[in-house]
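Take a look at the structure set out below.
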Amino acid sequence: MREDSSAKRVVPVMVPMPADRPYSYAVPEGARVVPGSIVRVPLGPREVAGIVWDGPGGEVSAKKLRPISEVFDCPPVGEEVRRFVDWVAAYTLSPPGMVARMLLRAPAAFDPEPPIEGMRFVDGAGPDRMTAARARVLEMARDGQAWTRAGLAHAAGVSASVIEGLREQGVFETVAIPPQPVVAPPDPSYAGAELTADQERAAERLREKAGANAFTVTLLDGVTGSGKTEVYFEAVAAALERGKQVLILIPEIALTQAFLERFQDRFGAKPGEWHSDLAPRKRERVWRQVAEGQVRVVAGARSALFLPFRELGLIVVDEEHDPAYKQEDRVFYNARDMAVVRGHIGNFPVVLASATPSLESRVNANQGRYERIVLSARFADAALPDLATIDMRKAPPERGGFLSPVLIDQMKKTLARKEQSLLFLNRRGYAPLTLCRVCGHRFQCPDCSSWLVEHRFRGQLVCHHCGHNEPRPEACPECGALDHLVACGPGVERIAEEVDRHFPDARTIVLSSDMLGGVKRLRLELDAIAKGEADIIVGTQLVAKGHNFPAMTLVGVIDADLGLANGDPRAAERTFQLLAQVTGRAGRSGRKSLGLLQTYQPDHPVMRAIVTGDAEAFYEREIGERERAGLPPFGRLAGIIVSAATRQEAEGHARALRRAAPRSDTIDVLGPAEAPLALVAGRHRFRLLVQGTRRCDLQGYLRALLTAGPRPRGSIRVQVDIDPQSFL
DNA sequence: AGCACGCCGACT
DNA sequence: GTCGGCGTGCTC
């Protein structure tokens with residue numbers, strides 16, 4: 001292409017900040033940039049990495065126009081990925097620059113990985129004096145391979161200074177070792193899967209889908225333990241055989257290390273890993289090698305969706321119903337939905353897998369937009385647990401306790417059989433509310449007015465909403481009474497205390513996300529449980545997620561009703577999913593197992609669905625319920641986050657939004673009572689839920705709010721939690 | 001999002 | 001007299 005050398009070439013560059021369009025930069029003489037090139041550009045007082053975008057550069061005054069400082073030696077970000085960024089930005093009403101920022105999360109990856117300095121034995125060379133240590137080194141190195149200093153020292157069993165001494169004498173020459181792949185390439189035919197007839201049928205259908213260059217969405221719906229993973233691995237194999245890259249999204253991948261091993265068993269190598277807990281160096285290598293196409297399969301958290309794949313050909317979303325797929329800060333998106341969008345843009349298949357699909361995925365399947373494949377039997381020797389409710393009105397716990405005698409009795413039996421029990425309570429800490437018995441004072445968060453949760457182990461009162469914490473006082477701050485503070489209700493710490501009282505000799509472990517020692521410690525504890533080093537596990541919802549506890553034969557749900565009455569339109573659905581997942585932990589090894597739900601509402605549809613195992617009826621009912629309530633078939637909810645400088649101002653906006661809403665809509669302002677105000681960076685935020693908005697209404701309605709309404713001084717952010725399928 | 005600039009309270 | 005809090009505004 002010939003260019004007029006007198007005119008400066010100007011290109012748009014997406015910079016990682018909330019700009020609603022790319023900025024224009026001049027291309028320096030001789031620089032080669034194409035759309036997708038990653039560049040370093042001056043931005044105000046600093047320099048940032050940006051992506052050259054499409055189209056001609058916008059007009060800027062010559063005074064503002066600054067040149068690109070550097071074009072990184074890095075594969076350009078592909079067209080599909082750029083369209084994806086544009087789409088996500090438009091859909092989530094986020095500035096595209098902020099979406100692009102999610103792509104640029106590995107700063108050091110834009111420069112090629114520097115080769116490692118290695119050393120090689122120089123043929124015929126020898127040291128002045130031979131020693132035993134030197135001889136061992138030469139023995140190892142004589143093969144003429146390149147070694148790293150540390151590697152050679154380790155292999156020869158000597159210290160690095162021995163090697164250094166030999167190098168100084170010219171025995172070794174310095175060579176560059178090219179950067180190694182971060183993972184070995186997976187081999188789709190490494191280990192043939194052993195599948196049941198049921199699984200084989202499902203796998204065959206998925207292979208068909210994944211072997212084609214066409215956008216399809218398949219819902220793989222199978223009870224826990226039915227071998228969904230093995231089945232979708234066959235789709236992964238088919239995509240790999242087609243020469244495509246594959247993305248497997250997994251919620252909380254940092255905790256599901258066992259998944260990587262299962263993958264390795266099938267494909268002979270681990271997948272590339274991607275999550276926020278990854279060491280920076282590893283992160284950069286994965287990013288780079290995904291962009292270069294060296295990494296063929298990534299298993300990652302939701303942010304992996306924004307990796308710069310060059311030839312993505314399949315996305316699997318495991319546990320597609322999991323709320324962890326929602327990002328609820330900065331750019332608001334649901335990774336499951338955006339995966340579908342990514343597949344549409346890239347014209348490739350998407351597989352959504354879950355034992356307890358979301359309502360919207362089920363509706364999409366019912367309406368024929370998704371194909372649904374059902375796996376109804378548990379795999380191999382895994383047996384479904386017997387499930388029953390414990391009516392807490394009839395079998396109440398002893399005074400001051402929370403465990404029904406029925407449950408304690410079963411725990412006793414399980415312990416006697418040397419098997420494991422899991423007690424599940426979705427509440428961290430010791431007690432969710434603390435009050436003064438003298439004056440009735442309740443401890444409340446000063447920032448967001450929700451109750452402070454006592455964490456006895458840490459000796460603190462913690463706000464689970466905004467993270468505020470304070471030491472637990474001895475005296476009531478209101479009336480000054482000493483030793484009259486009383487903990488109300490249970491958290492996992494308190495349940496563990498009760499378990500210790502009943503079973504002082506059992507090995508009890510408490511698992512919750514706020515555990516001291518972080519993810520690393522959690523992984524260790526999970527390993528220990530898998531090895532049978534614990535008898536009783538008391539845990540929050542993180543125990544529901546994909547871990548295999550082979551000796552687990554009793555699952556007790558402490559408060560199965562928790563979460564049913566919180567006003568969330570998804571309460572029943574969420575509770576069903578959680579209870580199904582957690583009771584599914586039992587009986588993986590084929591031993592007879594039991595799941596018990598402590599409830600005050602044994603006749604509630606959720607409890608009935610869990611106990612009878614009739615998920616179909618539950619879904620039908622929930623979907624019907626939505627229809628009867630005049631809500632759209634699949635949980636189309638949109639939330640609006642209003643930021644304002646003061647609480648009064650935010651309330652004013654809430655009123656204005658209510659007035660601006662079309663009459664057919666209902667707007668719930670989730671204020672202090674339901675969803676306490678969060679103080680974020682000095683700004684109050686409200687969340688409004690807009691319900692019952694039809695797709696076409698919604699966009700116009702939001703636009704009206706953004707353009708016509710009283711424009712808030714802060715920002716209005718909109719979270720659109722609608723099935724994006726209807727926008728495609 | 002960063003980062004600088006700018007205007008009011010407690011201290012080396 | 002300054003150091004430092006965060007409110008406001010700008011970035012091609």
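Lettering follows sequence order; numbering is per chain, from 1.
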* Structure fact -> Applying salt bridge (Lys or Arg N to Asp or Glu O under 4.0 Å) to E79(A) and not counting sequence neighbours gives R82(A), R83(A)
* Asked: Does NZ or CZ of R105(A) come closer than 6.0 Å to the centre of the six-membered ring of W287(A), within 45° of the ring's axis?
  -> no
* Structure fact -> Residues passing the side-chain contact (heavy atoms from CB on, under 4.5 Å) test with P12(A), sequence neighbours excluded, are P22(A), W53(A)
Enumerate, atom names and distances included, each donor-acceptor pair closer than 3.5 Å involving a side-chain atom of residues 69-77 of chain A, sequence neighbours excluded.
residue: S69(A); atom: OG; partner: R40(A); partner atom: O; Å: 3.2
residue: S69(A); atom: OG; partner: E47(A); partner atom: OE2; Å: 2.8
residue: E70(A); atom: OE1; partner: R40(A); partner atom: NE; Å: 2.8
residue: E70(A); atom: OE1; partner: R40(A); partner atom: NH2; Å: 2.9

* Structure fact -> Applied to residues 10-26 of chain A, the side chain to side chain donor-acceptor pair (under 3.5 Å) test, sequence neighbours excluded, yields none
* Please state how far atom CE in M98(A) lies from atom C1' in dA1(B), giving the value in whole angstrom units. => 5 Å
* **With sequence neighbours excluded, residues passing salt bridge (Lys or Arg N to Asp or Glu O under 4.0 Å) with R458(A)** => D514(A)
* Asked: Listed by chain and number, what are the side-chain contact (heavy atoms from CB on, under 4.5 Å) partners of E59(A), not counting sequence neighbours?
  -> none
Using residues 30-37 of chain A as the side-chain source, report each donor-acceptor pair under 3.5 Å to any protein atom, sequence neighbours left out, with the distance given to one decimal.
residue: S37(A); atom: OG; partner: V34(A); partner atom: N; Å: 2.9
residue: S37(A); atom: OG; partner: V34(A); partner atom: O; Å: 2.9

* **For DNA chain C, the residues among residues 30-41 of chain A that have a non-hydrogen atom under 4.0 Å from it** => none
Restricting to nitrogen or oxygen on both sides, can you table the protein-nucleotides 10-12 of chain C pairs closer than 3.5 Å?
residue: dT11(C); atom: O3'; partner: G44(A); partner atom: N; Å: 2.9
residue: dC12(C); atom: OP1; partner: Y25(A); partner atom: OH; Å: 3.4
residue: dC12(C); atom: OP1; partner: P42(A); partner atom: O; Å: 3.1
residue: dC12(C); atom: OP2; partner: R66(A); partner atom: NH1; Å: 2.5
residue: dC12(C); atom: O3'; partner: S24(A); partner atom: O; Å: 2.7
residue: dC12(C); atom: O3'; partner: R66(A); partner atom: N; Å: 3.0
residue: dC12(C); atom: O2; partner: S24(A); partner atom: N; Å: 2.7
residue: dC12(C); atom: N4; partner: R21(A); partner atom: NH2; Å: 2.9

